[in-house]
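Both counts, for ligands and for their atoms, begin at 1 and track the order of listing.
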Amino acid sequence: MWKWILGAISAAVVALGAIGGVMVYRTAQLTAAPAAAEAAGAAAPIAIDADAAARRLSQAIQIQTVSRTEGVVEDPETFAALHLLLAREYPRAHAALQHEIVLDHSLLFTWSGSDPALAPILLLAHQDVVPVEAGTEGDWEQPPFSGAIANGYVWGRGAVDDKGSLIAIFEGMEALLAQGFQPRRTVLLAFGHDEETLGGGASAIAALLQQRSVRPWFVLDEGMAVVEDFPLTGGPVALIGIAEKGYMSVRVTARADGGHSSMPQADTAAERLSRAILALRANPFPGGLDDGPTGQMLQVLAPQMPYAARLAIANRWAFNGVLIRQTEATPSGNALLRTTIAPTMIDGGAKENVLPQEMHAIVNLRLHPRDTVDSALAHLRAAVADIPNVTIEPEGTPSNPSPVSATDSDSYRLIEAAARTFAPEGAPVAPMLVLGATDSRHFAGVAENVYRFAPMRAPQSELGRIHGTGERMSVENLTRMAQFYAELVRTGAQ
Ligand SMILES: [Zn+2]
């Protein structure tokens, strides 16, 4: 990946002559952060009964809390069953923590700290799962709702997203309670029931906290993990999500005179719609590294990257253009730099020999933190302005990108230290922009800093199983996550 950049930079450095010396100096300054000194004095991770944790995750997977349609809870009984399971398996947490049901199925637990003046920690997970695509059940190594425990994994829909986090949080808190831990800082646990559709449960919990003037120290949700073969470094990286992209779909409508297809006019609705889609794709949103999440990520990862990349990152004043071109060359890199435009649906026309008066396309956008729903809409409309009779309107419920949380806050440092403890030795911990949407987006107005991380270690190939076929959580990862949540609360709330 970095071969091309090496060529370009070598040429540039030669051309720039004396400035090259400055570049090399700046590059040398960019070294890896020293290994966390606190690791030496850190307590051993809390003991977790891995087999029992795996069995409980298995049971949770077997309860099919599927979210399919916005605003519809298909099977309320499943949420009641999941709540019963949690109450039975985590008796200490249910005895020691105050427990509320919000919007019928979402859960809010409050572990009151001894010092009410301290801002609480808020941990999030969600109870619902996406459906299994009809016809793909047979492609799973283990049936999708079996919760089979085999080959070191717990198998099934939701094993990772997000019952793994739900169970790991309870395991961690239950283990702390068993040790007699009493937090000084209040710990809140919130579990939405419709993250995979609307996030109404999380939104209601956020509103409830706001109404009670509860202002958490930080919020931690799912969304990022430890990628073992991160493309930029070729090794493991613990990624902490510090922002997530917004979401918007638009309906593109092209109109024309209808009529008989034996005598077509010069410009049909189909042609206008096609030109509109091509115009949208030909006018990408401005992208860049600036000092947003992706620029910050490169800065942290630079010491682990090849020399050419390090040189470019250390001298962004000279190589910004090269870095951007290199990053945007892959779809995932491009998505980190800008708002993306994806045409996903087209329809129109009722009969093969009739010219349609109207044709439609749906285009899905993921909004980079530098854009908003309004600015994105203006950008799209400008791109099709000279195509006659084409309109663009928002479809569904768009959401703005989240604010970008700080990487120099005490809470980031706390999560970073815990992440370092549970990541492979020497793996860097870097901030990242989350491309998907999580429940944590509803808490932007509740807490200043919202982060997304769990120390699940996996290669990139494993991530395709989430929302896909063969979703599974290794028992090792489940245990590690439970220990991480316990460690975070032990160090953050003591
Ligand atoms: Zn999720």
Side-chain angles (χ1 to χ4, degrees), residues 57 60-61 63-74 78-79 82 86 102-103 105-108 122-133 144-145 147 154-170 189-206 219-227 239-247 366 397 399 401-402 432-444 450-458 460 462-474 477-478 481-482 484-485:
L57 176 57
I61 290 167
I63 302 171
Q64 301 187 24
T65 49
V66 175
S67 273
R68 209 180 305 262
T69 315
E70 272 195 16
V72 179
V73 176
E74 274 179 25
T78 57
F79 288 95
L82 183 59
L86 295 172
V102 181
L103 208 68
H105 313 290
S106 286
L107 297 170
L108 175 63
L122 172 54
L123 303 180
L124 304 185
H126 61 89
Q127 307 171 53
D128 60 320
V129 301
V130 292
V132 173
E133 198 185 331
F145 289 100
V154 186
W155 296 78
R157 174 61 79 229
V160 174
D161 185 9
D162 190 31
K163 286 176 176 166
S165 303
L166 174 74
I167 293 296
I169 288 173
F170 271 108
L189 316 175
F191 308 116
H193 68 274
D194 59 349
E195 189 270 351
E196 300 292 0
T197 54
L198 206 55
S203 175
I205 292 172
V219 176
L220 180 67
D221 195 5
E222 60 165 346
M224 280 288 146
V226 179
V227 176
L239 297 158
I240 299 176
I242 58 169
E244 65 187 55
K245 290 183 107 175
Y247 185 101
R366 303 304 174 102
T397 318
S399 68
S402 77
M432 190 165 170
L433 173 64
V434 178
L435 303 180
T438 70
D439 263 349
S440 73
R441 69 185 188 278
H442 302 290
F443 292 84
V450 176
Y451 302 106
R452 301 146 191 89
F453 176 74
M456 187 186 79
R457 294 184 197 174
Q460 286 187 92
E462 189 75 17
L463 304 178
R465 292 173 178 267
I466 304 167
H467 285 214
T469 293
E471 186 173 349
R472 60 184 184 176
M473 167 75 75
S474 76
N477 272 327
L478 180 64
M481 284 164 61
F484 163 81
Y485 289 119

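Donor-acceptor pairing under 3.5 Å is lacking for the side chains of Asp194 and Thr197.
Listed for the Arg452 side chain is a donor-acceptor partner under 3.5 Å among the backbone atoms of Val450. Remark: the backbone N or O of Ser402 is not paired with any side-chain donor or acceptor of Glu244 at under 3.5 angstrom.
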Could you walk me through whether Val129 and Glu196 pass side chain to side chain contact (heavy atoms under 4.5 Å, CB included), step by step?
CA-CA 7 Å; Val129 301; Glu196 300 292 0; 5.7 Å; no
Dump the intermediate steps for side chain to side chain contact (heavy atoms under 4.5 Å, CB included) on Phe191 and Ile169, then the final yes or no.
CA-CA 10 Å; Phe191 308 116; Ile169 288 173; 4.0 Å; yes
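Within 6.0 Å of the CD atom in Glu133, the count of heavy atoms belonging to other residues, nucleotides or ligands does not exceed 12.
Below the 2.8 Å limit, the Zn ion (ligand 1) has as protein N, O or S neighbours His126 NE2, Asp161 OD1, Glu222 OE1, Glu222 OE2.
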